[in-house]
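Some notes on the structure that comes next.
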Amino acid sequence: MKNLELSQIFSQMSEFLEMKEDGFRARAYSRVARVLDSLERDIGDIYREGGAKALKEIPSVGRGIAEKMEEYLKTGKIKEYQKLKKESPVDVEALTKVEGIGPKKIKTLYQKLGVRNLKDLEKVARVGEIAALEGFGAKSEKNILQAIAFAKTSKGRFLLGAILPVVREVVGGLEKLPEVGQISAAGSVRRMKETVGDVDLLATSSQPDKVMEHFVSLPGIVKVWAKGPTKSSVRFKGGFDCDLRVVKRVSFGAALQYFTGNKEHNILLRRLAIKKGLKLNEYGVYKKKTRIAGRTEKEVYQAISLPYIEPELRTNTGEIGAGLKNELPKIIGYDNIKGETQCHTDWSDGTETIEAMAKAAKKMDYQYIVITDHAGFLKIANGLDEKRLLRQMREIDKIGKEISGIKILKGCEVDIKMDGGLAIKDEVLA
DNA sequence: GCCGTTTTCGGCCCGACTGTTTTCAGTCG
Ligand SMILES: Nc1nc2c(ncn2[C@H]2C[C@H](O)[C@@H](COP(=O)(O)OP(=O)(O)OP(=O)(O)O)O2)c(=O)[nH]1
Ligand SMILES: [Mg+2]
Ligand SMILES: [Mg+2]
């Protein structure tokens, strides 16, 4: 699978082109890198099956980039990339990971100080050579040194499941504030992407300064990257960043749309707005100077002739085209889930009682819950033997009569013996 | 470099924060 390799090469080419002030070509390469990152299929398979023609059918891939993909798949090299790299032999991948360092600064640092990699950068910053540079100063030199240190301890992307508890905690810390109105997770967390690069949060308030002041002094923050009245960004000690945006109530929908992304989805919406003679930003949809939508996301989508699109679908994979034709798929929501079919209780290795589990399921509007504790010989999970299993069944019947509005069903996660048979007799299971 | 039921040429999303700058470039979301 060469998708990742190609994406990284095109990302670097984008930075090199930006150094050469070729902004639009740079954007084309950066776009195609993002497309490759989220491409489900192996680029090699696509090429083998359909050749360069199939490559060009990938959005944002045209003749030029298809040729480069083909060249890489055939030879393992891209001449254009090697040429750019020879012109500026710098490790753009590592250097751009330093917060605040981009292609233009890399160019200056290379041309004036010969900086090629992180080590070089740290060295020239330590001896004060950066501060003396035109366009830089004492502050930027200090920031660079700090940012290098944080880049070294950065953990990259996080699993959604690992970050959700943290999101709840930070949201909880902000909710306490009387100045905070609405608050919501945004970004890749709200889109429920499997991995997230950071935590994005949106709040409404008529006193944003107070909210921001509170935000940047939350416990566990090790660095404030930026702080302003509508946008602040911090690093937590867990190695992840958190961005907070604060807007007025009237802009909540537009801001939530903007901050939920993804980036390409946003750009497509904004282009759609332009086509209609409108302007879309995080404050609303505007006709000339007047805001015509912004309070809710639905309002924003409708103002540009689209149905509401669920966050999970905002991935720039055809959802806008589907929306225009009213062919959006229905996604399975929490309220579509009718019951729980696998759960453990304190009868085996769970922590809650049957009654507590049933009540929790009822609270979630489930119609039924199946109790499936371990059963058989596995002592490590406190598995039920036949006697206890039968006793549990009687208990389930009893609790079922006590709690109305939910059906408690009997089941179990039964061990399989070495000979392939089940560890509980059929008569008991039936 | 990509793209098109307004275009095969001429556009390409739009705004916040910082530092260094006397008016804005660079980076980031
Ligand atoms: N219009 C516009 N919106 C952007 C741009 N960059 C980011 N955004 C919006 C959409 C993103 O989903 C949102 C949050 O930015 P992030 O960089 O945190 O991206 P996101 O959370 O989608 O992915 P992540 O998992 O953090 O890498 O901000 C941009 O260049 N233009
Ligand atoms: Mg994010
Ligand atoms: Mg972010």
Side-chain angles (χ1 to χ4, degrees), chain A residues 10 13-35 55-69 80 95-109 130-144 146-147 186-188 197-202 208 212 216 224-234 241-247 251 254-286 304 316 321 324:
Chain A
F10 288 143
M13 288 180 76
S14 167
E15 304 292 355
F16 286 131
L17 289 166
E18 201 82 65
M19 287 164 74
K20 296 176 70 153
E21 320 276 328
D22 200 346
F24 287 113
R25 262 174 90 217
R27 252 167 275 177
Y29 278 92
S30 149
R31 228 183 13 247
V32 93
R34 288 179 68 102
V35 166
L55 292 177
K56 273 171 63 179
E57 267 158 35
I58 302 169
S60 301
V61 177
R63 211 182 112 179
I65 286 178
E67 272 172 10
K68 290 178 182 72
M69 288 175 160
E80 178 87 16
L95 288 171
T96 49
K97 284 206 180 98
V98 179
E99 178 85 21
I101 296 291
K104 301 290 164 63
K105 289 186 181 173
I106 292 176
K107 183 182 173 188
T108 308
L109 290 163
I130 290 180
L133 239 44
E134 198 180 323
F136 292 77
K139 272 189 182 167
S140 41
E141 184 171 85
K142 189 167 151 269
N143 286 341
I144 286 172
Q146 269 202 39
S188 50
D198 68 355
V199 174
D200 302 289
L201 299 176
L202 173 69
M212 288 305 188
V216 299
V224 178
W225 295 116
K227 174 169 172 274
T230 83
K231 174 174 152 182
S232 296
S233 181
V234 301
D241 290 339
C242 182
D243 296 336
L244 175 67
R245 288 220 55 168
V246 179
V247 298
S251 293
L256 190 57
Q257 189 292 304
Y258 150 72
F259 215 24
T260 298
N262 68 13
K263 176 178 168 175
E264 311 300 333
H265 177 92
N266 285 358
I267 291 174
L268 284 174
L269 289 194
R270 287 169 183 212
R271 280 177 39 193
L272 213 60
I274 294 169
K275 262 209 241 169
K276 296 185 161 299
L278 304 168
K279 182 174 73 168
L280 169 62
N281 60 26
E282 63 264 54
Y283 301 105
V285 181
Y286 294 83
I304 50 174
N316 182 35
L324 286 170

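By convention in this document, chain letters (A, B, ...) are assigned in the order of the sequence lines, proteins followed by strands, and residues within each chain are numbered from 1.
- With respect to A/R25 and A/E80, a salt bridge is recorded, a charged nitrogen being found less than 4.0 Å from a carboxylate O.
- A/V98 comes within 4.0 angstrom of sugar-phosphate atoms only, judged by non-hydrogen atoms across all strands, and of no base.
- Remark: C1' of B/dG1 and CG of A/L55 are 15 Å apart, rounded to the nearest angstrom.
- Applying the 5.5 angstrom centroid cut-off and the 30 degree plane-angle cut-off, the aromatic ring of A/F136 is not stacked upon the base of B/dT20.
- DNA chain B is contacted by both A/I106 and A/R270; A/R270 maps to the nucleotide lying nearer its 5′ end (nearest heavy atom per residue).
- Both A/E134 and A/S60 sit near DNA chain B, but only A/S60 has its closest nucleotide nearer the 5' end.
- As judged by a 4.0 angstrom heavy-atom cut-off over every strand, A/V61 is placed among residues touching the sugar-phosphate backbone only.
- Heavy atoms of A/K263 sit under 4.0 angstrom from at least one base atom.
- Across the protein-nucleic acid pair, A/R27 atom CZ and B/dC28 atom P stand 15 Å apart, rounded to whole Å.
- If you check every strand for non-hydrogen atoms under 4.0 Å, A/L280 touches sugar and phosphate atoms only.
- Just one residue in the list A/R270, A/H265, A/R271 forms a side-chain contact (heavy atoms from CB on, under 4.5 Å) with A/I267, and that residue is A/R271.
- The separation between A/R34 atom CZ and B/dC12 atom P is 20 Å, rounded to whole Å.
- Annotation: B/dA25 and B/dT20 have their C1' atoms spaced 9 Å apart (nearest Å).
- Distance, A/D243 CG to B/dC17 P: 12 Å, rounded to whole Å.
- OP1 or OP2 of B/dG15 sits under 4.0 Å from a side-chain N or O of A/N281.
- Side-chain proximity of A/K227 to B/dG29, B/dT18, B/dC12: nearest is B/dT18.
- When the nucleotides B/dG1, B/dG19, B/dT27 are ranked by their closest atom to the side chain of A/K105, B/dT27 comes out on top.
- Counting non-hydrogen atoms under 4.0 angstrom, A/L17 reaches nothing in the nucleic acid.
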Criterion side-chain contact (heavy atoms from CB on, under 4.5 Å) on A/V234 and A/W225, from CA distance to verdict: CA-CA 5 Å; A/V234 301; A/W225 295 116; 5.5 Å; no
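- Comparing the C1' positions of B/dC12 and B/dC17 gives a spacing of 24 Å, expressed to the nearest Å.
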Test log, rule side-chain hydrogen bond (donor to acceptor under 3.5 Å, both in side chains), inputs A/N143 and A/E99: CA-CA 9 Å; A/N143 286 341; A/E99 178 85 21; over 6 Å; no
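- When the C1' atom is used for both B/dC3 and B/dT8, the distance is 9 Å, rounded to whole Å.
- Counting non-hydrogen atoms under 4.0 angstrom, A/I274 reaches the backbone sugars and phosphates but no base.
- Atom CG of A/N143 is separated from atom P of B/dG26 by 17 Å (rounded to the nearest Å).
- For A/D198, taking side-chain heavy atoms from C-beta onward, the closest of the listed nucleotides B/dG19, B/dG29, B/dT27 is B/dG29.
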Derivation and outcome, side-chain contact (heavy atoms from CB on, under 4.5 Å), residues A/M19 and A/I106: CA-CA 8 Å; A/M19 287 164 74; A/I106 292 176; 4.1 Å; yes
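- Rounded to whole Å, atom P of B/dC14 lies 13 Å from atom CD of A/Q257.
- Contact check, A/R25 against B/dG1: a side-chain N or O comes under 4.0 Å of OP1 or OP2.
- Once rounded to the nearest 0.5 Å, the distance linking CD of A/E67 with NZ of A/K56 reads 8.5 Å.
- Residues A/R27 and A/S14 have side chains that never bring a donor and an acceptor to within less than 3.5 angstrom of each other.
- Looking at heavy-atom distances under 4.0 Å, A/A138 makes contact with sugar-phosphate atoms alone, never a base.
- Contact annotation: A/Y283 side-chain N/O to B/dA16 OP1/OP2 distance is under 4.0 Å.
- Residue A/K139 is classed as a sugar-phosphate contact, given heavy-atom separations below 4.0 Å to backbone atoms only.
- Here B/dA25 presents its C1' atom at 11 Å from CD of A/E21, a figure rounded to the nearest Å.
- Regarding contacts with the backbone of B/dC17, every side-chain N or O of A/S232 stays at 4.0 angstrom or more from both OP1 and OP2.
- At B/dC17, one or more side-chain N or O atoms of A/T230 fall inside 4.0 Å of OP1 or OP2 (strictly under the cut-off).
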A/R31 vs A/E264, salt bridge (charged side-chain N to carboxylate O under 4.0 Å, His left out): CA-CA, chis, key distance, verdict: CA-CA 8 Å; A/R31 228 183 13 247; A/E264 311 300 333; 5.3 Å; no
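- Look at CG on A/L268: it is 11 Å from P on B/dG4, rounded to the nearest Å.
- Within the 4.0 angstrom heavy-atom criterion, only backbone atoms of the sugar-phosphate kind lie near A/E99; the bases stay farther away.
- Across B/dG26 and B/dT21, the matching P atoms stand 13 Å from one another, rounded to whole Å.
- Across the strands present, B/dT8 finds no partner; the criterion is a Watson-Crick or G-U wobble pair with both atom distances under 3.5 angstrom.
- Using a 4.0 Å heavy-atom cutoff across all strands shown, A/I65 reaches sugar-phosphate atoms only and no base atom.
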